[in-house]
Amino acid sequence: MSLASAVEAAPILRGPLDFPESPLSRSLRQPLMLGLFLSLQDIRVSNAPSTSSWTYDYNAAIVQKADALGFDLAFSRTQWLPKGGYDGEASLDSFVALGAMAATTKNILLISTLHVLYGPWHPLHIAKIGSTFDHISKGRWGINIVTGHRAIEHEMFGWNQIDHDRRYEMAGELFDVLHRLWSDTENYSYEGRLSPWKIKDGYITPKPLYGRPVLVTATGSEAGIGFAARHSDLLFITSPGGAHIDSALETLPDHIANIKTQARLLGREVKTVINPIIVSRPTEAEAQAYARSIVDNKPPPSQTGFGQHGYASDAVAWKGRNDARHKQGLGLGGNIEIIGTPEQVVEQLAGLKKAGIDGVQLGFYDFAPDFDYFAESTLPLLKEAGLRL
Ligand SMILES: Cc1cc2nc3c(=O)[nH]c(=O)nc-3n(C[C@H](O)[C@H](O)[C@H](O)COP(=O)(O)O)c2cc1C
């Protein structure tokens with residue numbers, strides 16, 4: 001068979017949202033999808049006491065608990081930083097670690113971050129590994145597609161950073177091909193136009209259970225939103241108005257409307273998910289004191305600290321956080337900060353839902369105990385408020 005290069009004409013193929021019985025469709029029947037933003041990476045936000053750990057066992061235990069509590073989604077990031085990382089000890093690869101959690105969970109969606117252009121990965125590898133995780137998890141596994149916003153990471157892989165919008169064009173070609181590999185019932189051949197790989201008579205079995213794995217894009221740029229409108233089910237978004245809940249609530253509706261419109265122009269639905277950090281205690285004074293203790297115990301700014309500007313980035317998504325507090329490294333960690341009593345937390349989550357958000361992936365400073373507190377004190381209130389079934 002001769003090598004074809006007709007990817008532009010590739011139709012948009014069916015995904016998990018086209019199957020009412022898929023785990024993703026089931027999760028999206030919740031009024032507000034509930035997820036966790038795990039940290040499989042040692043990030044020293046503060047020296048205030050914390051049990052949080054990058055290790056597999058720490059995070060797997062949290063995900064098992066979340067699964068039992070009916071949470072919809074667990075996600076973690078992956079980064080490729082030189083020695084010292086973000087002044088931390090170590091980080092695990094979330095492609096592998098979240099995939100492994102499929103074996104010890106039942107219902108929760110597991111979203112692994114993958115830098116799809118690095119290597120470059122051969123599409124056959126991503127298609128085959130993706131199908132394998134899809135079958136192990138019974139349709140609960142997905143990819144958070146990222147293209148690499150830090151020049152230093154591209155250099156680690158042996159080239160200069162690829163231009164921002166060009167990266168999404170390359171990812172577009174790659175995912176058109178992946179859709180073919182996940183769906184074609186005959187051998188498939190293709191020669192990369194934008195990337196240096198070829199496929200001759202490629203074939204992937206088993207086919208994913210619901211068309212393809214769940215696909216997510218974490219972006220705020222027009223090029224990224226254009227890519228996600230065609231290829232993704234979920235968009236991990238950021239607040240254009242920065243971390244404060246009020247400015248986030250003001251700026252999110254227009255941002256979300258733009259995303260949904262772009263997808264609808266292609267005849268598709270995409271859902272939006274944002275990542276707040278929850279700092280909660282029984283009284284408002286205690287919650288504020290907890291938030292202050294995190295900020296007051298920040299390590300001195302360093303070139304390579306988390307949230308500092310030591311590693312150059314061309315990401316558009318986080319530009320909303322260019323306020324003075326974040327520039328001084330005084331943020332609490334999440335994209336939005338939700339601080340307060342359990343009732344106040346529910347009120348702010350309801351505000352996000354009203355602004356058009358379909359789901360949240362929650363982070364906690366002292367992850368395991370703060371998550372336990374949320375589960376005991378706030379989850380029942382979310383049900384009472386009609387945000388959870
Ligand atoms: C919720 C969320 C999670 C992200 N996780 C990662 C990650 O794990 N690794 C990474 O390199 N970038 C990650 N990013 C950053 C995106 O890759 C970065 O913003 C990228 O440049 C895409 O943004 P843009 O299209 O807005 O420029 C994440 C972004 C968001 C919003």
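Throughout, numbering of the chain's residues begins at 1 and tracks the sequence. Counting starts at 1 for both ligands and their atoms, in listed order.
- For atom 15 (C) of ligand 1, the nearest non-hydrogen atom of the protein is W318 NE1, 3.8 Å.
- Cation-pi geometry between R180 and Y190 is not met: the NZ or CZ atom fails to fall both under 6.0 Å from the ring centre and inside 45° of the normal.
- Which of Y118, F37, Y168 comes nearest to atom 23 (O) of ligand 1 through a heavy atom is settled by distance: it is Y168.
- When each atom of ligand 1 is checked for a heavy atom of T113 under 4.0 Å away, the hits are 7 (C), 8 (O), 9 (N).
- In terms of polar-atom proximity, defined here as any N/O pair under 3.5 Å, E153 makes no such contact with ligand 1.
- Ranking protein heavy atoms by distance to atom 29 (C) of ligand 1, first place goes to A218 CB, 3.4 Å.
- Nearest protein heavy-atom contact of atom 3 (C) of ligand 1 is F75 CZ, 3.7 Å.
- Judged by distance alone, with hydrogens and angles left aside, the side-chain atoms of E269 form no donor-acceptor pair with the main-chain N or O of A263 at under 3.5 Å.
- Panel note: side chain T105, backbone Q64; no donor-acceptor pair is recorded below 3.5 Å.
- Taking atom 8 (O) of ligand 1 as the reference point, the nearest protein heavy-atom neighbour is R77 CB, 2.7 Å.
- Residue G224 has no nitrogen or oxygen atom sitting less than 3.5 Å from a nitrogen or oxygen atom of ligand 1, judged on distance alone.
- Within the cation-pi definition used here (under 6.0 Å to the ring centroid, within 45° of the axis), R150 does not qualify as a partner of Y311.
- Hydrophobic cluster membership is shared by I108 and L34, with clusters built from Ile, Leu, Val, Met, Phe, Trp and Tyr side chains linked at under 4.5 angstrom.
- Neither the backbone nor the side chain of R150 comes within 4.0 Å of ligand 1, counting heavy atoms alone.
- Distances between N or O atoms of S76 and those of ligand 1 include no value under 3.5 Å.
- Remark: the backbone N or O of H149 is not paired with any side-chain donor or acceptor of E153 at under 3.5 angstrom.
- Of the listed options I111, V146, L40, V146 places a heavy atom closest to atom 14 (N) of ligand 1.
- A cation-pi arrangement is found for K207 relative to Y203, the charged atom lying closer than 6.0 Å to the ring centre and inside a 45° cone about the ring normal.
- Ion pairing between R292 and D296 fails under the 4.0 Å rule for side-chain N and carboxylate O.
- Residues D366 and T51 bring a donor and an acceptor atom of their side chains to less than 3.5 Å of each other.
- With 3.5 Å as the limit, one finds a donor-acceptor pair spanning the side chains of W141 and S112.
- Remark: minimum distance from atom 11 (O) of ligand 1 to any protein heavy atom is reached at H115 NE2, 2.8 Å.
- Closest heavy-atom approach to atom 9 (N) of ligand 1 among the candidates N144, T78, N335, T217: T78.
- Only the side chain of T238 comes within 4.0 Å of ligand 1, judged by heavy-atom distances.
- Assignment of W80 to the shell around ligand 1 is not supported, since no heavy atom sits closer than 4.0 Å.
- We find that R167 and D314 are joined by a salt bridge, their nearest charged nitrogen and carboxylate oxygen being less than 4.0 Å apart.
- Below 3.5 Å of separation, one finds no N or O of Q79 facing any N or O of ligand 1.
- The option with the heavy atom closest to atom 21 (O) of ligand 1, from among R167, E222, H149, is H149.
- Under the 3.5 Å distance criterion, the side-chain polar atoms of E337 are matched with a main-chain donor or acceptor of L332.
- Taking a cut-off of under 4.0 Å to the non-hydrogen atoms of F236, the atoms of ligand 1 that pass are 1 (C), 31 (C).
- Within ligand 1, the atoms closer than 4.0 Å to a non-hydrogen atom of A317 are 19 (O), 23 (O), 24 (P), 26 (O), numbered from 1 in the order shown.
- For atom 18 (C) of ligand 1, the nearest non-hydrogen atom of the protein is A315 CB, 3.7 Å.
- Interface of H164 with ligand 1, defined as ligand atoms under 4.0 Å from a residue heavy atom, comprises 24 (P), 25 (O), 27 (O).
- Electrostatic pairing of R388 and D72 counts as a salt bridge here, judged by a charged N lying under 4.0 Å from a carboxylate O.
- Counting heavy atoms under 4.0 Å from ligand 1, residue V316 touches it through both backbone and side chain.
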